[in-house]
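As structure tokens, the structure follows; a few thoughts come after it.
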Amino acid sequence: MATPDAGLPGAEGSEQAPWAQLEAPARLLLQALQAGPEGARRGLGVLRALGRRGWEPFDWGRLLEALCREEPVVQGPDSRLELKPLLLRLPQICQRNLMSLLMAVRLSLPESGLLSVLQIAQQDLAPDPDAWLRALGELLRRDLGVGTSMEGASPLSKKCQRQLQSLCRGLGPGGRRLKSPQSPDPEEEDNRDSQQPGKRRKESEEEAASPEGKRVPKRFRCWEEEEDDEEERPEHKSLESLADGGGASPIKDQPVMGAKTGQDGSSLEDAKGLAESLELPKAIQDQLPRLQQLLKTLEEGLEGLEDAPPVELQLLHECSPSQMDLLCTQLQLPQLSDLGLLQLCTWLLALSPDLSLSNATVLTRSLFLGRILSLTSSASRLLTTALTSFCAKYTYPVCRALLDPVLQAQGTGPAQTELLCCLVKAESLEPDAQVLMLGQILELPWKEEIFLVLQSLLERQVEMTPEKFSVLMEKLCKKGLAATTSMAYAKLMLTVMTKYQANITETQRLGLAMALEPNTTFLRKSLQAALKHLGS
């Protein structure tokens with residue numbers, strides 16, 4: 001006989017996975033995260049596969065919400081019933097890989113949902129909380145600016161700090177490009193090496209004989225480990241592939257724990273903090289004057305410039321997102337003329353491999369956001385061409401760093417709206433890019449400017465799922481009473497009823513009728529005629 005608890009998650013005899021009730025994409029992802037230490041990598045593979053097979057962009061907001069949702073589970077030897085969120089019901093290896101994956105795709109996550117997940121992870125009342133999960137959670141909270149620990153403190157446990165210190169001391173004398181925190185001052189070593197030319201020459205010959213046949217740039221002065229066969233953390237490629245049909249370059253800020261001594265010689269910081277510090281990689285610093293000269297040449301004219309991107313731009317792949325932000329500031333990219341902007345975008349689009357999703361987002365913000373928000377008249381053809389071409393390849397970064405901020409800015413006016421309308425109507429945008437833009441717009445609170453941009457986008461007859469179309473119709477009908485005199489809203493309604501009449505159900509037609517009833521614009525008769533045609 002079945003017990004009363006047999007249907008509950010966690011009940012004895014129940015073999016149902018905690019994620020069994022989730023939608024198919026989320027189930028596939030969480031199953032992949034079960035694959036031991038390779039789980040995070042396999043999760044990224046699932047996201048890329050979903051993108052290639054034509055699925056809609058992965059709904060991170062819905063998954064994060066599901067992870068926080070409490071459900072009754074049977075706990076303990078006394079079979080007591082408790083409410084427990086899905087996140088804490090996942091196996092530990094799945095939780096670890098999930099946190100690693102969230103770090104890789106952090107820029108594509110809704111901050112509110114991520115904060116809720118981190119709060120639940122922090123409140124885990126397990127008797128022996130996992131130190132690795134604690135460290136990953138702390139790093140994510142720091143990235144969001146809500147770190148709970150003091151500045152400079154390590155997310156590592158005391159035990160892990162001692163072990164890491166011991167490891168550094170052990171590897172210091174003969175490690176592979178690894179210096180312990182107690183290593184001599186680099187300047188003293190430089191001076192000593194300058195007095196031993198034979199030694200310096202020998203080291204140079206060894207570096208030249210490396211498997212890659214080239215030097216590895218030095219990232220950190222006091223502590224670094226540059227393994228030749230070190231695997232880089234893949235980035236969230238599925239969104240990039242949805243946006244531009246291609247793969248994204250891997251992010252180079254893998255959250256590996258590093259060490260740095262403080263005044264007491266015992267405090268440790270993670271290597272991610274070092275990589276994300278306000279210091280450019282040595283290779284970029286060396287080429288900074290050359291990059292500045294290139295931009296100066298762009299400002300002086302395009303004569304004599306090659307179509308192929310300068311080799312110096314390949315160094316952009318060496319930057320983490322925060323370093324890219326610093327580089328953009330030092331190069332004064334927001335001050336480029338529209339002509340220089342167009343040529344720079346042409347070079348960036350020709351780079352191989354493609355820019356990573358996060359770096360493309362930083363570049364979008366630096367190159368376009370301030371320029372567009374400051375428009376007081378129609379954008380130049382040069383700016384429009386640069387933006388549409390960049391968006392065609394990097395749609396998600398443009399949506400993330402440009403479309404949402406401009407549409408939600410208080411100072412958005414006719415000039416900004418006109419440019420965004422040109423952007424969404426661009427012939428260079430692929431159908432997947434249109435769907436991605438539509439999804440972003442549907443998540444925003446609607447206002448007059450959004451009516452205009454959305455109407456321009458829907459003129460392209462965007463192919464959308466019934467679920468997405470239902471969301472569109474629901475929001476459209478709800479705005480009827482608040483937009484009775486809006487011409488932009490009336491045009492949007494007319495576009496939907498004429499371009500998408502085959503998609504409109506009878507229930508949706510009744511909703512449109514109610515929304516149309518209080519309309520007072522001169523398009524009222526045209527709207528009524530279109531509505532009548534829906535019912536015929």
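Positions are given from 1, in the same order as the sequence printed here. Keep in mind that this is a model prediction, so the values were computed, not measured.
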Applied to residues 463-499, the ring pair (Phe, Tyr, Trp, His ring centres under 6.0 Å) test, sequence neighbours excluded, yields F451-Y489
Any sub-3.5 Å donor-acceptor pair from T412's side-chain atoms to V406's backbone N or O? yes
Are side-chain N/O atoms of S378 and E418 paired as donor and acceptor at under 3.5 Å?
-> yes
- Taking S456 for its side chain and K425 for its backbone only, find out whether a donor-acceptor pair lies under 3.5 Å. no
Hits for salt bridge (Lys or Arg N to Asp or Glu O under 4.0 Å) against D404, two or more places apart or cross-chain, chain-then-number order -> none
Residues 433-447 vs side chain to side chain donor-acceptor pair (under 3.5 Å), sequence neighbours excluded, gives none
Closest non-hydrogen contact found for A488 with E448 is CB-OE2, 3.4 Å
Residues 320-349 vs salt bridge (Lys or Arg N to Asp or Glu O under 4.0 Å), sequence neighbours excluded, gives D338-R371
Shortest non-hydrogen pair, P310 vs W347, comes out as CD-CD2, 3.4 Å
| message | Just checking Q285: does its CD atom have more than 12 heavy atoms from other residues, nucleotides or ligands closer to it than 6.0 angstrom? | response | yes
Residues T521 and S486: closest non-hydrogen pair is CG2-O, 3.7 Å
I'd like to know whether CZ of R460 has more than 12 heavy-atom contacts from other residues, nucleotides or ligands below 6.0 angstrom. yes
So CD of Q287 and CD of Q292: to nearest 0.5 Å the spacing works out to 11.5 Å
Note to self: Any salt bridge linking E23 with R62? Criterion: basic side-chain nitrogen under 4.0 Å from a carboxylate oxygen.
What the structure shows: yes
In terms of heavy-atom contacts, N519 and A490 come closest through ND2-CB, 4.3 Å
Residues L29 and G43: closest non-hydrogen pair is CD1-O, 3.5 Å
Hits for salt bridge (Lys or Arg N to Asp or Glu O under 4.0 Å) against R524, two or more places apart or cross-chain, chain-then-number order -> none
Flag for S320-Q323: side-chain donor and acceptor within less than 3.5 Å
yes
Sequence neighbours excluded, the answer for ring-ring contact (aromatic ring centres under 6.0 Å, His included) partners of Y500 is none
In terms of heavy-atom contacts, K393 and L349 come closest through NZ-O, 2.8 Å
side-chain contact (heavy atoms from CB on, under 4.5 Å) test vs L492 passes for just one of L454, I450, V453, L452, namely L454
Discussion item. Tell me whether T498 contacts the main-chain N or O of T495 through its side chain, where contact means a donor paired with an acceptor under 3.5 Å.
Written reply: yes
